[in-house]
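All of these numbers come straight from a predicted model, not from anything done at the bench.
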Amino acid sequence: MKTLKHISALILIILFSSCTQYVEDTTIVEDVSLEQLVSSNDLWYVDYNRTTGNGEIPYMSKAFTLSFKSGILYANNNIADIGKTGNGLGIDVGTYNTFNGLLEINHDLDGFNDFEISVLPNNELRIYNFRENVSYYLVGYQRHNFDYDKLFYDNIEYFLQEYTSWEKITTNNGQPNNFDNENYLAFTPENNATFYSSVSSFGSHIADVIWDYTGNYEVFDIEGYDDLKFLTLFYDSGDTEEFELSVINDRTIRLYHIKTKTTYKFYGANFVQFLKSKKNKKDLKNSVSNKEKKRTKIIRKIKIK
């Protein structure tokens with residue numbers, strides 16, 4: 001992530017001249033100063049890998065960023081089109097209030113939760129929910145210094161899950177291989193990372209796609225590259241397919257088959273906008289399930305190209 005800037009001196013003066021309570025090396029900000037604090041940044045990145053506690057709040061495990069603007073809570077729950085949706089803030093997911101030193105959130109789907117806020121160094125917050133005994137860590141940014149591209153590639157697994165299927169649209173060069181026959185892919189959060197593959201013919205309606213193969217998949221970083229990943233499909237049959245994965249745009253990916261040097265392009269079908277999605281049930285009859293999508297703590301392995 002880009003280097004953070006501290007909250008402006010003016011806001012700090014407002015915050016620390018108002019009523020505060022000190023706990024260890026952090027500051028819990030109360031009343032009006034808490035509203036000033038949460039709205040002082042355009043975006044709060046949810047640093048999910050630092051989450052502590054044994055509970056969970058569903059919308060926190062879906063959000064990549066949160067924004068607090070005039071009582072409305074915004075979130076970037078999707079990787080596709082991140083930086084564009086809602087002028088970078090994402091979508092309206094609920095409301096919030098600051099009262100008696102607590103941040104109160106009423107989420108459109110998950111309902112009411114309140115949080116105790118602790119101010120940390122480097123423009124960070126820890127928000128703690130007593131009922132679930134869970135703490136989330138937020139890092140503050142303005143839109144102009146937030147690296148949306150890095151967020152995208154650091155979380156590319158979720159991008160793959162944001163379409164109910166990926167349809168092969170081109171095959172170029174390389175040697176013939178078994179993967180040439182597989183025209184549809186789907187990626188889900190099941191069992192941490194599950195993929196499905198189909199040999200259904202080109203142009204099939206999603207409701208008619210039969211998923212012939214399944215297995216697990218893993219995405220690796222490639223040393224020296226920020227926008228190129230390594231994708232391995234582990235078929236339940238014991239077969240393995242390895243690809244370099246690159247993103248052409250928010251709906252098209254390129255898979256380069258390592259062994260045969262064949263390049264495939266896949267187009268995403270049936271985008272799932274988390275929280276707001278309403279899909280035709282017939283369209284999704286045979287689609288795989290990604291309704292349980294949520295972030296997990298990712299420690300990605302690195303490969304050398």
Side-chain angles (χ1 to χ4, degrees), residues 1 4-8 10-77 85-143 146 151 274-276 294-295:
M1 291 296 171
L4 301 178
K5 295 183 180 179
H6 291 288
I7 301 173
S8 69
L10 176 61
I11 293 177
L12 287 176
I13 291 171
I14 294 172
L15 294 178
F16 295 115
S17 64
S18 60
C19 178
T20 58
Q21 174 186 356
Y22 293 93
V23 176
E24 298 178 353
D25 60 346
T26 63
T27 305
I28 299 176
V29 186
E30 299 182 8
D31 302 328
V32 175
S33 62
L34 179 54
E35 169 63 30
Q36 294 280 349
L37 177 62
V38 297
S39 62
S40 64
N41 288 286
D42 293 332
L43 298 152
W44 293 95
Y45 170 68
V46 182
D47 193 351
Y48 194 78
N49 283 359
R50 291 166 62 189
T51 302
T52 58
N54 52 22
E56 180 184 67
I57 296 174
Y59 61 85
M60 294 299 299
S61 63
K62 291 181 174 68
F64 297 98
T65 70
L66 298 173
S67 298
F68 302 91
K69 300 296 179 184
S70 302
I72 304 299
L73 176 67
Y74 298 88
N76 275 301
N77 295 330
T85 303
N87 290 323
L89 300 185
I91 61 174
D92 173 352
V93 297
T95 60
Y96 75 92
N97 191 18
T98 53
F99 183 73
N100 287 340
L102 295 176
L103 172 63
E104 301 176 338
I105 292 177
N106 187 10
H107 190 264
D108 289 347
L109 289 184
D110 299 326
F112 177 85
N113 282 286
D114 55 31
F115 299 89
E116 179 184 274
I117 307 296
S118 298
V119 179
L120 305 179
N122 299 319
N123 206 18
E124 297 183 0
L125 302 178
R126 179 174 63 237
I127 66 172
Y128 173 70
N129 179 265
F130 177 80
R131 184 172 59 186
E132 292 293 330
N133 186 30
V134 61
S135 292
Y136 297 97
Y137 291 78
L138 310 182
V139 185
Y141 290 88
Q142 303 304 327
R143 273 177 286 193
F146 186 74
L151 175 61
F274 293 100
L275 181 66
K276 298 294 186 180
K294 63 180 181 179
R295 299 178 70 186

Do Leu125 and Val119 come within less than 4.5 Å of each other through their side chains, counting heavy atoms only?
-> yes
To the nearest 0.5 Å, how far apart are CG in Leu138 and CG in Leu103?
-> 9.0 Å
Any side-chain heavy-atom pair of Val139 and Arg50 under 4.5 Å | yes
Asn77 side chain to Phe64 main-chain N or O, any donor-acceptor pair under 3.5 Å?
-> no
Shortest non-hydrogen pair, Gln142 vs Ser40, comes out as NE2-O, 3.0 Å
Any side-chain heavy-atom pair of Phe130 and Glu116 under 4.5 Å = no
Parallel, tilted or perpendicular: ring planes of Phe146 versus Tyr45, cut at 30 and 60 degrees = tilted
Any side-chain heavy atom of Trp44 sitting closer than 4.5 Å to one from Glu124?
-> no
What distance separates Leu37 CG from Asn123 CG, expressed to the nearest 0.5 Å?
-> 8.5 Å
Which heavy atom in Asp92 sits nearest to a heavy atom in Asp108, and how many Å separate them?
-> O-OD2, 3.9 Å
To the nearest 0.5 Å, how far apart are OG1 in Thr65 and OH in Tyr141?
-> 11.0 Å
What are the two closest heavy atoms between Ile105 and Tyr59, and how far apart are they?
-> CG2-OH, 3.3 Å
Which heavy-atom pair separates Ser67 from Asp42 by the least distance, and what is that distance?
-> OG-O, 2.6 Å
Closest non-hydrogen atom pair, Val38 against Tyr96 | CG2-CE1, 4.1 Å
With a 4.5 Å heavy-atom cut-off, do Ile117 and Arg126 have their side chains touching?
-> no
Taking all atoms of both residues into account, what is the closest heavy-atom pair of Met60 and Val46, and its distance?
-> O-CG1, 4.1 Å
No-hydrogen, no-angle side-chain donor-acceptor test under 3.5 Å, Tyr128 and Asn133 | yes
